[in-house]
Every structure is written in structure tokens, then in C-alpha cells.
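To start, the structure under review is shown below, and the notes come after it.
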Amino acid sequence: MNPARSNRNPRLNSQAFFERVWDVVRLVPPGRVTTYGAIARFLGSGRSARMVGYAMNASHSQPDVPAHRVVNRNGMLSGKHHFPGQSMEERLEAEGIRVEKDHVKDFHKLFWDPAECLKF
DNA sequence: ATAGTGACTGAAC
DNA sequence: GGTTCAGCCACTA
């Protein structure tokens, strides 16, 4: 571990934050979507939505992280340019999610908040 | 160390 | 309804 990196943030080092983000994204059910901000809030860093996006960028090397189910708060596929091979909308459509003009159709209905998994 | 960048967001206009 | 602005914070140059 890089000591210069590990204690930069006294609340949570970035490596642990990334792994938590990946764990949350793994919980998103197929056919549903969530947002960067929702994940950030769930992890207690409500203002770190950008870091969630950054974690997605780093999720390439991680197994079983459905990064295509994470969109911005408007349901827009803001990360579509970061998917090599099968595109983001192809992956979404494959789960039955309709995509129109880079936006998830019925985004409000399909939105999944990570906090939902605490209800049970 | 400083400046610029970005898969973001909420408030302000 | 929009569009713009200012915080946000890890990363890179």
C-alpha cells in the first residue's frame, strides 16, 4: 500500500472508497439503474459524486461491476464513452431498459436507491 | 506545491 | 421549464 495515498483523507482513503462503490454497484438489480449521487450519499460522502464516477472509470479491472447501471441524476448515460466493446446502451437494452437519446426511458420508475436494501 | 480536469450535483438565475 | 455557477475531491501534468 502506498502510505502517501492511504492517509490523505482522514475519513476514508480512496482505495477503500472505490471498493465500497464497487460493492454498492454490484447490488444494483438487473433492469434497474442508480445514480452517482445516490451511491455517494449511501456511502456517507454526499458530495463525492464525482469520485463515484471516477471509481466507475477504475471499475474496468474489477469483476462483476455493472457500471452501465449507473447514470447521472437526469438518467443520462454520461459514461457511455468509457465502455469499450459492447456499448452502454446495448448492455442496458439487453436487460430490458429502453434508451432514447442517451437517456434512460422511465428513469424515475427504474431508479434504484442503495438505501432500499436496508429496508429488509 | 499549483493548476487543470472530470462517468457529478444542488442552488441560483 | 431551461442554463450557469460554484463546490466537490482524486488524479495528472
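Reminder, nothing fancy here: chain letters follow the sequence lines and each chain counts from 1. Just the heavy atoms: all of them, side chains too, but no hydrogens, waters or symmetry mates, feed the values below. Source: prediction; values computed, not measured.
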*If we ignore angles and hydrogens, is there a donor and acceptor under 3.5 Å between the side chains of Glu95(A) and His68(A)?*
yes
Euclidean distance, atom [atom1] of residue [X] to atom [atom2] of [N] [Å, nearest integer]:
{"X": "His82(A)", "N": "dT5(B)", "atom1": "NE2", "atom2": "C1'", "result": "12 Å"}
{"X": "Asp113(A)", "N": "dT9(B)", "atom1": "CG", "atom2": "P", "result": "13 Å"}
{"X": "Asn72(A)", "N": "dG10(B)", "atom1": "CG", "atom2": "P", "result": "11 Å"}
{"X": "Met76(A)", "N": "dC8(B)", "atom1": "CE", "atom2": "P", "result": "7 Å"}
{"X": "Ile39(A)", "N": "dC9(C)", "atom1": "CD1", "atom2": "C1'", "result": "17 Å"}
{"X": "Arg47(A)", "N": "dC8(B)", "atom1": "CZ", "atom2": "C1'", "result": "14 Å"}
{"X": "Phe18(A)", "N": "dC9(C)", "atom1": "CZ", "atom2": "C1'", "result": "10 Å"}
{"X": "Leu43(A)", "N": "dC8(B)", "atom1": "CG", "atom2": "C1'", "result": "15 Å"}

*From the list dC8(B), dA7(B), dC11(C), which nucleotide is the closest neighbour of the side chain of Tyr54(A)?*
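Nearest to the side chain of Tyr54(A) among the choices is dC11(C).
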*Measure from the side-chain heavy atoms of Met51(A) and tell me the nearest of dC9(C), dG10(B), dT9(B).*
dC9(C)
*Examine Val70(A) and Val104(A) and state if one hydrophobic cluster contains both, with Ile, Leu, Val, Met, Phe, Trp and Tyr joined whenever side-chain heavy atoms are less than 4.5 Å apart.*
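Not linked; separate clusters.
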Looking for any heavy atom pair under 4.0 Å, which part of the strands does [X] touch: base, sugar-phosphate only, or nothing?
{"X": "Asn57(A)", "result": "base"}
{"X": "Tyr36(A)", "result": "base"}
{"X": "Ala55(A)", "result": "nothing"}

*At under 4.0 Å, does any side-chain N or O of Ser14(A) touch on OP1 or OP2 of dC9(C)?*
no
*Return the set of residues passing side chain to side chain donor-acceptor pair (under 3.5 Å) with Asn74(A) (not counting sequence neighbours), or none when no residue passes.*
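In terms of side chain to side chain donor-acceptor pair (under 3.5 Å), with neighbours along the sequence ignored, Asn74(A) is linked to no residue.
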*Please identify each residue that fulfils side chain to side chain donor-acceptor pair (under 3.5 Å) with Lys105(A), with sequence neighbours left out.*
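Partners of Lys105(A) by the side chain to side chain donor-acceptor pair (under 3.5 Å) criterion come out as none, since no residue qualifies.
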*Do Thr34(A) and Pro114(A) come close enough that some side-chain heavy atom pair is under 4.5 Å?*
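Heavy-atom side-chain distance check passes, below 4.5 Å.
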*What one-letter contact string describes nucleotides 1-6 of chain C from 5' to 3', where B marks a base within less than 4.0 Å of any protein heavy atom, S marks contact via sugar-phosphate atoms alone, and - marks no contact?*
------
*In terms of ring plane angle, is the pair Phe18(A) and Tyr54(A) parallel, tilted or perpendicular, where the classes change at 30° and 60°?*
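Taking Tyr54(A) first and then Phe18(A), their aromatic rings sit tilted (interplane angle of 30° to 60°).
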*Would you call Lys80(A) and Asp102(A) a salt bridge, using N to O less than 4.0 angstrom?*
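Yes, Lys80(A) and Asp102(A) are salt-bridged.
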